[in-house]
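Note sheet for the following structure.
Chain A is the first sequence line, chain B the second, and so forth, proteins listed ahead of strands; every chain is numbered from 1.
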2 protein chains.
Amino acid sequence: MTTQEQTRAGSEAAQGVAQEAMEAAVTDGACGDACVEQALDIFAQLCPSRAMFAELVDKWSMLILMSLAACGPQRFSELQRGVGGVSRKMLTQSLRTLERDGLVRRTVYPETPPRVVYELLPLGGELAALLEPIGRWTERRTGQMVAARDEFDRVHDEA
Amino acid sequence: MTTQEQTRAGSEAAQGVAQEAMEAAVTDGACGDACVEQALDIFAQLCPSRAMFAELVDKWSMLILMSLAACGPQRFSELQRGVGGVSRKMLTQSLRTLERDGLVRRTVYPETPPRVVYELLPLGGELAALLEPIGRWTERRTGQMVAARDEFDRVHDEA
DNA sequence: TCCGAACGGTCTCCAATATAGACCAGGTCT
DNA sequence: AGACCTGGTCTATATTGGAGACCGTTCGGA
């Protein structure tokens with residue numbers, strides 16, 4: 001099956017069907033050409049690990065995981081303040097996904113006002129540990145990349 | 001400045017202005033409350049490292065960097081086949097961003113048909129080295145996360 | 001001789017997604 | 001009494017990404 005065919009097949013596997021395909025594929029190892037004998041491959045469009053990868057490397061999800069790793073358990077509003085710029089819609093959606101995938105625990109305390117606390121589960125801690133070096137590297141290298149971009153833009157504007 | 005004020009200020013700093021702000025902020029370390037004394041902070045919405053982080057952790061950019069790390073220099077069409085599902089629009093856009101930021105080198109060979117080769121620059125190699133463990137981890141843990149999701153959905157559908 | 005495929009994109013349309021802000025109930029504080 | 005807080009949901013609108021057509025030149029196969 002070619003990549004283009006996979007692409008088209010991927011489009012046909014609509015959202016509602018995608019998860020069923022994902023679950024079946026994990027069980028059977030049937031991910032098209034790229035996944036063989038139970039090995040998953042994030043480069044293969046239809047491989048369930050690709051869908052999972054796409055879900056986890058969402059910008060907001062990564063920032064949330066890193067924030068929970070750095071600051072410990074937090075409430076919804078604390079996360080919203082700590083992760084600058086995140087909308088409530090995206091915070092809610094990302095937390096829901098992380099909870100659903102077993103990376104984050106959500107605990108509701110029946111109080112008024114409502115108090116909901118989010119904390120990392122072991123899987124989430126593992127992933128956060130891998131993400132943190134990327135965050136630190138970005139902070140360290142931003143100066144160089146901005147300089148590279150200025151140079152690139154200067155050269156290409158002159159062209 | 002509160003997060004909400006930063007959020008509004010961020011909206012006002014439109015795309016056309018965002019880069020100027022980014023460049024000035026890198027120089028001056030002026031990133032609002034969260035960035036102090038030359039320290040960059042990806043959690044701060046207006047910090048230039050945040051914009052850089054958002055740009056680099058794009059799903060397609062990460063897959064491209066990892067593909068170049070794994071397979072060496074590649075042509076546009078090779079990347080398109082190797083990174084299953086990427087549209088030409090996104091492949092072009094992501095490569096342009098990576099080249100512009102100094103992570104990837106683009107070499108055009110004046111031939112027919114056109115031959116363009118993309119390869120990692122040192123900065124890109126650094127980042128790819130940090131991304132690769134995340135890809136491997138996702139492949140390793142996909143089964144567990146799919147199982148967690150099934151359990152979550154079963155419990156919440158019953159509710 | 002003609003047609004299809006390949007290359008590396010750009011462009012346009014439209015579907016999908018994200019942002020911004022209003023809204024909700026109940027409690028606390030000024 | 002009014003403002004603010006909590007943790008969201010909902011809606012309108014702006015933004016983004018996917019799909020496919022299009023471009024010129026060359027090469028190979030029918």
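- The shortest distance between the side-chain N/O atoms of B/Thr92 and the OP1/OP2 oxygens of C/dG9 is not below 4.0 Å.
- Looking at which nucleotide of DNA chain C each of A/Trp60 and A/Arg88 is closest to, the 5′-most match is held by A/Trp60.
- Here B/Arg100 does not pair with A/Glu151 in a salt bridge; the nearest charged N to carboxylate O distance is not below 4.0 Å.
- Separating the NZ atom of B/Lys89 from the P atom of D/dT15 is a distance of 14 Å, rounded to the nearest angstrom.
- Contact between A/Leu40 and A/Ser49 at its shortest, heavy atoms only, is CB-OG, 3.6 Å.
- Between the B/Gln74 side chain and the B/Ser67 main chain, a donor and an acceptor come within less than 3.5 Å of each other.
- Distance A/Asp58 CG to C/dT17 C1': 11 Å, rounded to the nearest Å.
- Taking atom CG of A/Leu95 as the reference point, atom P of D/dT9 lies 11 Å away to the nearest angstrom.
- Residues B/Arg141 and A/Glu126 are paired through a salt bridge, judged by an N-O separation under 4.0 Å between the basic side chain and the carboxylate.
- Between the side chain of B/Asp41 and the backbone N or O of B/Phe43 there is at least one donor-acceptor pair closer than 3.5 Å.
- One atom, NZ of B/Lys59, and another, P of C/dA18, lie 11 Å apart when rounded to the nearest Å.
- The phosphate of D/dG17 has OP1 or OP2 within less than 4.0 Å of a side-chain N or O from B/Gln93.
- The CG-C1' distance, from B/Leu79 to C/dG8, rounds to 12 Å in whole Å.
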Scoring nucleotides 24-30 of chain C by protein non-hydrogen atoms under 4.0 Å (B base, S sugar-phosphate only, - none) yields --BS---
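- Applying the 4.0 Å criterion to OP1 and OP2 of C/dC7, one finds that B/Arg81 has a side-chain N or O inside that range.
- For the pair B/Met90 CE and D/dT16 P, the interatomic distance rounds to 10 Å; values are reported in whole Å.
- To the nearest angstrom, C1' of C/dT17 lies 15 Å from CD of A/Glu55.
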Exercise answer: donor-acceptor pairs, residues 87-95 of chain A side-chain atoms, under 3.5 Å, sequence neighbours excluded:
{"residue": "A/Ser87", "atom": "OG", "partner": "A/Met90", "partner atom": "N", "Å": "3.1"}
{"residue": "A/Thr92", "atom": "OG1", "partner": "A/Arg88", "partner atom": "O", "Å": "2.8"}
{"residue": "A/Ser94", "atom": "OG", "partner": "A/Met90", "partner atom": "O", "Å": "2.8"}

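- Among the heavy atoms of the strands, none lies under 4.0 Å from B/Tyr109.
- Nucleotide D/dG8 holds its C1' atom 9 Å from the CZ atom of A/Arg96, rounded to whole Å.
- Within the structure, a side-chain polar atom (N or O) of A/Arg75 is placed less than 4.0 Å from OP1 or OP2 of D/dG7.
- Among the nucleotides D/dG8, D/dT6, C/dG9, the one closest to the side chain of A/Val116 is D/dG8.
- For the pair B/Ser87 and D/dG17, the criterion of a side-chain N or O lying under 4.0 Å from OP1 or OP2 is not met.
- Using a cutoff of 4.0 Å between basic side-chain nitrogens and carboxylate oxygens, A/Arg75 and A/Glu78 are not scored as salt-bridged.
- Here B/Arg115 does not reach the OP1 or OP2 of D/dT26: none of its side-chain N or O atoms lies under 4.0 Å away.
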